[in-house]
Student: 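What follows is a structure written as structure tokens; I'll ask about it next.
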Amino acid sequence: MIRLYDSLSREVVELRPRAPGEVSMYVCGPTVYDVPHLGHARTAVTYDVLCRYLTWRGLDVTVVSNITDVDDKIIERAAAEESTEQEVSARFGDIYIRELGALGVAEPSARPRATEYVSQMVSFVERLLARDAAYVIDGAGVYFDVARYADYGRLPGRDPEELRESAGARVAVDERKRDPLDFALWKAAKEGEPAWDAPWMPGRPGWHIECVAMSLGLLGDGFDIHGGGSDLIFPHHENERAEAEAAGHRFARLWMHSAMVNVEGEKMAKSAGNFRTLADVLALHDPRALRLAMLQAHYRSTMEIDETVLAGAAAGINRLDAFARRVGASGALDTTERTADTDAARTAFVEAMDNDMGTPGAVGVIFELLRKGNVALDDGEAEAAASALHTVRDLGGALGLSLRDSSPDEAIQQRVDERQEARAARDYATADLIRAALADEGVELEDTPTGTVWRRVT
RNA sequence: GCAUCGGUGCCCGAGCGGACGAAGGGAGCGGCCUGCAAAGCCGUCUUAUCGCGGGUUCGAAUCCCGCCCGAUGCUCCA
């Protein structure tokens with residue numbers, strides 16, 4: 001039984017897909033006006049792991065993750081660069097996809113762009129107008145009428161009255177709105193901004209509507225999981241929910257929110273100026289180290305990512321790879337043979353993961369099995385070690401963590417062999433010379449009872 | 001202020017009523033192994049005052065109340 005925390009009911013609930021055996025999931029992607037940072041990476045990794053695990057458990061998963069390519073910030077950036085909105089969003093969209101791909105985030109089943117869904121958004125707004133859940137303000141746009149949605153405020157756990165009090169604290173409220181909480185579904189075109197035709201006035205999509213159009217459009221009513229970063233709970237997700245349900249649709253069955261990444265105790269954000277780009281981290285570390293660091297914290301806990309954390313995770317990745325090399329050097333062949341240890345590990349792994357994606361516990365299980373495999377190797381039980389390795393690979397795969405396979409390199413192998421000959425002849429001076437030379441090239445040697453293995457150190 | 005989530009060994013971070021004599025990773029130290037390393041294993045720091053004070057319970061890191069501290073959200077946000 002797979003259980004997940006549902007942000008709407010505020011409890012861990014059993015995942016009960018609308019269609020048995022199939023899970024449909026929508027993950028709010030970024031607005032592409034700049035390069036991705038670690039926060040984007042954490043969110044993407046969280047849902048990537050969920051998708052991989054559900055698939056590993058035998059479910060047929062469909063993931064839709066959007067890219068929002070019309071928005072105030074994109075317009076600003078395009079203006080600042082004297083470029084176009086299309087160019088800016090295409091550029092950052094490509095970077096986003098490439099860098100997350102490098103992190104091992106699998107391509108979603110569909111990655112819609114907001115601009116591809118404008119006509120659906122227009123129809124959606126019409127439907128809301130027809131149901132009297134929205135109204136037009138001439139020259140300004142079309143607004144959602146919050147009063148028409150009785151459940152408003154449940155997702156963020158707030159009373160609409162309280163929400164109303166703080167509305168306008170940061171942005172001036174348009175006097176013509178019926179309620180300060182009302183928000184734009186469609187924004188009237190301004191000079192020099194991208195615009196599309198619409199029955200009310202030419203303009204561009206307002207807030208939250210793009211995700212509703214894309215999620216319902218691609219996954220249909222009552223899709224299973226809607227996820228995103230916790231900073232989207234309000235207003236973004238609550239307003240999506242209001243729009244969809246006020247239009248008569250059954251929206252997401254389960255809401256998930258991943259926690260923020262902090263830097264020195266503060267949320268990483270562009271506005272705070274403390275963000276680290278994904279590219280910066282990827283330039284310094286194995287992408288698997290970043291993923292492991294993220295897996296070692298629960299997705300609903302705020303986590304700190306700094307050099308200490310990254311270096312620690314990188315050391316963990318080295319252990320994983322070293323185990324694979326050791327087993328490889330033992331000559332034992334890959335085997336699906338089960339042992340008491342691998343069975344116990346699988347059970348514990350599933351138990352941890354089924355419980356609201358307990359990746360830290362799941363990673364713990366993997367490392368425990370790794371240690372047992374190393375002990376088996378020390379005891380000369382290569383077969384048992386190979387079984388452990390096979391399971392480590394399988395479980396790691398369910399989390400998107402792979403072990404590095406050494407790539408053969410004849411030139412290096414030749415020198416390793418030369419060193420072995422020297423060692424056999426007890427000519428340790430020569431042997432150490434070769435080892436030091438290889439070390440200078442970033443190649444580290446490990447002597448095992450069955451031969452010497454080597455690895456590249458980055 | 002209101003809402004939500006937290007405060008666990010040197011660091012990160014699980015656990016969320018009894019198998020806790022608190023997982024796992026990292027760091028330090030000692031040992032074994034090794035020609036020396038690396039890798040690995042074992043031990044150790046670690047009897048972790050589980051933020052503080054009360055309470056419930058046969059039993060609490062886990063539940064309840066109060067307090068202190070922090071993060072996030074309250075129409076830019078992943």
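All figures in this text were calculated on a predicted structure; none of them were measured in a lab. Values below: every heavy atom of this structure, side chains too, minus hydrogens, waters and symmetry copies. Proteins come first, then strands; the chains are lettered A, B, ... in the order of their sequence lines, and each starts at number 1.
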Student: Do the side-chain N and O atoms of A:His257 and A:His237 include a donor-acceptor pair separated by under 3.5 angstrom?
Tutor: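 A pair is found: one side chain offers a donor N or O, the other an acceptor, under 3.5 Å apart.
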Student: With both distances kept under 3.5 Å, what pairs with B:A39, Watson-Crick or G-U wobble?
Tutor: none
Student: Is the charged tip of A:Arg423 near the ring of A:Tyr428: under 6.0 Å from the six-membered ring centre and within 45° of its axis?
Tutor: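 Because its charged atom misses either the 6.0 Å distance or the 45° angle limit, A:Arg423 does not stack over A:Tyr428.
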Student: Rounded to whole Å, please give me the gap between CD in A:Glu240 and C1' in B:A78.
Tutor: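 It is 13 Å, rounded to the nearest whole Å.
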Student: Measuring from atom OG of A:Ser7 to atom CE of A:Met256, what distance do you get when rounded to the nearest 0.5 angstrom?
Tutor: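 With rounding to 0.5 Å, OG (A:Ser7) is 8.0 Å from CE (A:Met256).
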Student: Can you tell me the pairing partner of B:G9 across any strand shown, Watson-Crick or G-U wobble, with both distances under 3.5 angstrom?
Tutor: none
Student: Taking atom types as modelled and ignoring hydrogens, do the side chains of A:Arg326 and A:Asn374 form a donor-acceptor contact shorter than 3.5 angstrom?
Tutor: yes
Student: Would you say the side-chain atoms of A:Ser83 pair up with the backbone N or O of A:Ala79, donor to acceptor, closer than 3.5 Å?
Tutor: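 No: the side chain of A:Ser83 does not pair with the backbone of A:Ala79.
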Student: Is the cationic atom of A:Arg178 (NZ for Lys, CZ for Arg) positioned less than 6.0 Å from the six-membered ring centroid of A:Tyr143 and within 45 degrees of its normal?
Tutor: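 Ring-cation test returns no.
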Student: A:Gly358 or A:Asp306: which one's nearest nucleotide on RNA chain B is closer to the 5' end?
Tutor: A:Asp306
Student: Does a donor on one side chain and an acceptor on the other come within less than 3.5 Å for A:Asn239 and A:Tyr152?
Tutor: yes
Student: Salt-bridged, A:Asp182 to A:Arg148, with N to O below 4.0 Å?
Tutor: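 A salt bridge is absent here (no side-chain N lies under 4.0 Å from a carboxylate O).
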Student: Is the backbone N or O of A:Ala297 less than 3.5 Å from a side-chain atom of A:Ser301, with the two atoms forming a donor-acceptor pair by type?
Tutor: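 No, A:Ser301 side chain to A:Ala297 backbone: no donor-acceptor pair under 3.5 Å.
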Student: Rounded to whole Å, please give me the gap between CD in A:Gln296 and P in B:G13.
Tutor: 10 Å
Student: Over how many whole Å does the gap from A:His298 atom NE2 to B:G24 atom C1' extend?
Tutor: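 Nearest whole value for this atom pair: 16 Å.
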Student: Any N/O pairs under 3.5 Å between the protein and nucleotides 2-6 of chain B? List them or say none.
Tutor:
residue	atom	partner	partner atom	Å
B:C2	O2'	A:Glu162	OE1	3.1
B:C2	O2'	A:Glu162	OE2	3.0
B:C2	O2	A:Arg158	NH2	3.2
B:A3	O2'	A:Pro156	O	3.0
B:A3	O2'	A:Gly157	O	3.4

Student: For B:G9, does the O4'-C1'-N9-C4 or O4'-C1'-N1-C2 angle fall within 90° of 0, making it syn, or is it anti?
Tutor: syn
Student: May I ask you to check whether A:Asp354 and A:Tyr53 show a side-chain donor-acceptor distance below 3.5 Å?
Tutor: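 Distance-only check passes for A:Asp354 and A:Tyr53.
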Student: Classify the side chain of A:Lys73 versus the base of B:C77 as yes if they form a donor-acceptor pair under 3.5 Å and no if they do not.
Tutor: no
Student: Output the single nucleotide from B:A78, B:G35, B:U75 whose closest atom is nearest the side chain of A:Pro30.
Tutor: B:A78
Student: Checking contacts here: which listed nucleotide (B:G73, B:G40, B:A78) is nearest the side-chain heavy atoms of A:Ala322?
Tutor: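 The nucleotide sitting nearest to the side chain is B:G40.
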Student: In whole angstrom, what separates A:Met294's CE from B:G26's C1'?
Tutor: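 It is 18 Å, rounded to the nearest whole Å.
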Student: So which of residues 366-382 of chain A are in contact with RNA chain B, with a heavy-atom cut-off of under 4.0 Å?
Tutor: A:Phe367, A:Glu368, A:Arg371, A:Asn374, A:Val375, A:Asp378
Student: Tell me which nucleotide among B:C12, B:A78, B:C11 gets nearest to the side chain of A:Leu232.
Tutor: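 Nearest listed nucleotide: B:A78.
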Student: Taking only the side-chain nitrogens and oxygens of A:Arg325, find out if one of them lies under 4.0 Å from OP1 or OP2 of B:A39.
Tutor: no
Student: Distances under 3.5 Å between protein N/O atoms and the N/O atoms of nucleotides 36-38 of chain B, please, pair by pair.
Tutor:
residue	atom	partner	partner atom	Å
B:C36	O2	A:Arg435	NH2	2.4
B:C36	N3	A:Arg435	NH1	2.9
B:C36	N3	A:Arg435	NH2	3.2
B:C36	N4	A:Asp447	OD2	3.1
B:A37	N6	A:Asp447	OD2	3.3
B:A37	N1	A:Asp447	N	3.2
B:A37	N1	A:Asp447	OD2	3.2
B:A37	N3	A:Arg435	NH1	2.9
B:A38	N1	A:Asp447	O	3.0

Student: Rounding to an integer number of angstrom, what distance separates B:G24 and B:C65 when you compare their P atoms?
Tutor: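 Taking atom P in both B:G24 and B:C65, they lie 33 Å apart.
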Student: One thing to verify: whether A:Asp432 and A:Arg435 come together as a salt bridge, which I'm taking to mean a side-chain N less than 4.0 angstrom from a carboxylate O.
Tutor: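 Salt bridge flag = yes for A:Asp432 with A:Arg435.
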Student: Please report, rounded to the nearest Å, how far the P atom of B:U72 is from the NE2 atom of A:His236.
Tutor: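 Between P of B:U72 and NE2 of A:His236: 20 Å.
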Student: When you get a sec, tell me which of B:G13, B:C77, B:C74 is the closest nucleotide to the side chain of A:Pro360?
Tutor: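 Nearest listed nucleotide: B:G13.
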Student: Looking at the base of B:A71, is there any donor atom on it, or on the side chain of A:Thr302, that sits under 3.5 Å from an acceptor on the other one?
Tutor: no
Student: Both A:Tyr299 and A:Ala313 contact RNA chain B. Taking the nearest nucleotide for each, which residue is further toward the 5' end?
Tutor: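 Nearer the 5' end of the strand: A:Tyr299.
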Student: Just by distance, do the side chain of A:Arg10 and the backbone of A:Leu155 share a donor-acceptor pair under 3.5 Å?
Tutor: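 Yes, A:Arg10 side chain to A:Leu155 backbone: donor-acceptor pair under 3.5 Å.
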